[in-house]
Amino acid sequence: MRASETIRQRLAGSAESAAPALLGALLTSELDGRLVQARITEVEAYEGELDPASHAFRGPTKRNQVMFGAAGRLYVYFVYGMHWCANVVCGQPGTAAAVLLRAGEIVEGVQHARERTPSSISTAKLASGPARLARCLGLSGGHTGLDLLDPQSPVRIEALGEPAAHLTGPRVGIAVAVEQPWRFWLPDEPSVSPFRPGGRMRPAGNRQTGQL
DNA sequence: TTGTCGATTGAG
DNA sequence: TCAATCGACAAT
């Protein structure tokens with residue numbers, strides 16, 4: 001069986017089962033005439049309408065519409081007034097599950113990635129963090145909806161082999177459903193984020209948090 | 001129509 | 001440790 005079929009099957013399952021299949025996968029971007037490739041080292045699973053930390057928790061909106069569609073589509077969202085973050089839609093249509101691509105190792109096009117990331121960080125950490133990863137690959141909101149499983153797509157993803165051995169833990173930067181160990185990462189990778197609790201503390205009962 | 005907040009980052 | 005910065009969405 002071809003690797004593309006394997007990853008397609010894994011993406012058809014829940015975010016929790018799809019996420020580890022994306023570890024070690026090769027993400028390719030040919031946007032703006034520049035070829036950049038990243039090997040994914042860290043991801044997080046978001047379980048759609050069941051998950052209070054998911055953008056889809058409150059149902060379909062204009063922004064999250066693509067999450068309710070077919071697995072393998074790209075969902076890029078804007079956050080904190082300045083950053084873009086990239087997700088891979090997974091699960092069955094209607095479930096709105098997705099996997100956030102949190103970090104990667106740039107394996108091709110380091111020079112292009114550097115041009116998009118004006119800073120003095122080391123090559124190993126160029127794509128460390130979801131916003132930096134998206135920036136290295138030139139991704140923004142207009143790319144939402146691209147089919148990552150289509151070999152003709154300017155942005156695509158392919159598994160290189162069997163899912164790699166990985167570690168799990170709580171997701172980074174969220175204030176709800178913090179007990180779920182839905183972050184997955186490869187061991188001994190310098191691009192993987194340190195854990196950081198998220199959101200702001202707010203008085204209990206002030207806002208609906210939902211049940212999982 | 002208004003106000004609050006965010007799946008982050010980089011500087012101080 | 002904290003400001004930047006603006007779109008999405010819930011509350012008026």
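In what follows, every heavy atom counts, from backbone to side chain, and hydrogens, waters and symmetry copies are set aside.
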*Sorted by number, the residues of residues 72-82 of chain A with heavy-atom contact under 4.0 Å to DNA chain B*: A/Tyr77, A/Tyr80, A/Gly81
*Could you state the CD-C1' distance from A/Glu42 to B/dA7, rounded to the nearest angstrom?*
11 Å
*So, is A/His55 close to the B/dA7 phosphate, meaning a side-chain N or O under 4.0 Å from OP1 or OP2?*
yes
*What pair of heavy atoms forms the shortest contact from A/Thr168 to A/Pro181, and how long is it?*
CB-O, 4.0 Å
_Distance in angstrom units between A/Ile174 CD1 and B/dT8 C1', rounded_ = 14 Å
Close N or O pairs between protein and nucleotides 1-3 of chain C (under 3.5 Å):
unit_1	atom_1	unit_2	atom_2	d
C/dC2	N4	A/Arg196	NH2	3.4

*Would a 4.5 Å heavy-atom cut-off, applied to side chains only, mark A/Val89 and A/Leu11 as touching?*
no
*What stem regions, each of at least 3 consecutive Watson-Crick or G-U pairs below 3.5 Å, can be found for DNA chain C?*
B:1-6 with C:6-11, B:8-11 with C:1-4
*Determine: side-chain N/O of A/Thr61 to OP1/OP2 of C/dA8, distance under 4.0 Å, yes or no.*
no
*Does a side-chain heavy-atom distance below 4.5 Å link A/Glu47 with A/Gln180?*
no
*Ignoring hydrogens and angles, state whether a donor on the side chain of A/Arg114 or A/Thr123 is under 3.5 Å from an acceptor on the partner side chain.*
yes
*Go through residues 83-112 of chain A and report each residue with a non-hydrogen atom lying under 4.0 Å from DNA chain C, sorted by number.*
none
_Students often get this wrong, so: under 4.0 angstrom with heavy atoms, is A/Ala53 touching a base, only sugar-phosphate, or nothing?_
base
*Using a 4.5 Å cut-off on heavy atoms from C-beta on, say whether the side chain of A/Trp185 contacts that of A/Thr41.*
no
*What nucleic acid atoms does A/Arg135 come within less than 4.0 Å of, heavy atoms only: base, sugar-phosphate, or nothing?*
sugar-phosphate
*Whole angstrom is fine here: how far is it from CG in A/Asn64 over to C1' in B/dA7?*
14 Å
_Enumerate the side-chain hydrogen bond (donor to acceptor under 3.5 Å, both in side chains) contacts for residues 97-111 of chain A, please, sequence neighbours excluded, ordered by first and then second residue._
A/Arg39-A/Glu105, A/Glu42-A/Arg102, A/Arg102-A/Ser193
*asked:* Using side-chain heavy atoms (C-beta onward) and a distance below 4.5 Å, is A/Asn87 in contact with A/Met67?
replied: no
*Can you establish whether the number of heavy atoms outside A/Glu115 located under 6.0 Å from its atom CD is more than 12?*
yes
_Non-hydrogen side-chain atoms of A/Trp182 and A/Ile174 separated by less than 4.5 Å_ = no
Please table the atom pairs, donor to acceptor, closer than 3.5 Å between any side-chain atom in residues 69-86 of chain A and protein atoms at least two apart or in another chain.
unit_1	atom_1	unit_2	atom_2	d
A/Arg73	NE	A/Gly145	O	3.1
A/Arg73	NH2	A/Gly145	O	3.3
A/Tyr75	OH	A/His55	ND1	2.8

_A/Val43 and A/His166, any side-chain heavy atoms less than 4.5 Å apart_ = no
*What closest approach, in Å, do A/Gly129 and A/Ala103 show between heavy atoms, and which atom pair accounts for it?*
N-CB, 3.9 Å
*Around A/Asp32, counting heavy atoms of other residues, nucleotides and ligands shown, do more than 12 lie under 6.0 Å from its CG?*
yes
*Specify the separation, in whole Å, of atom CZ of A/Arg58 and atom P of C/dC9.*
10 Å
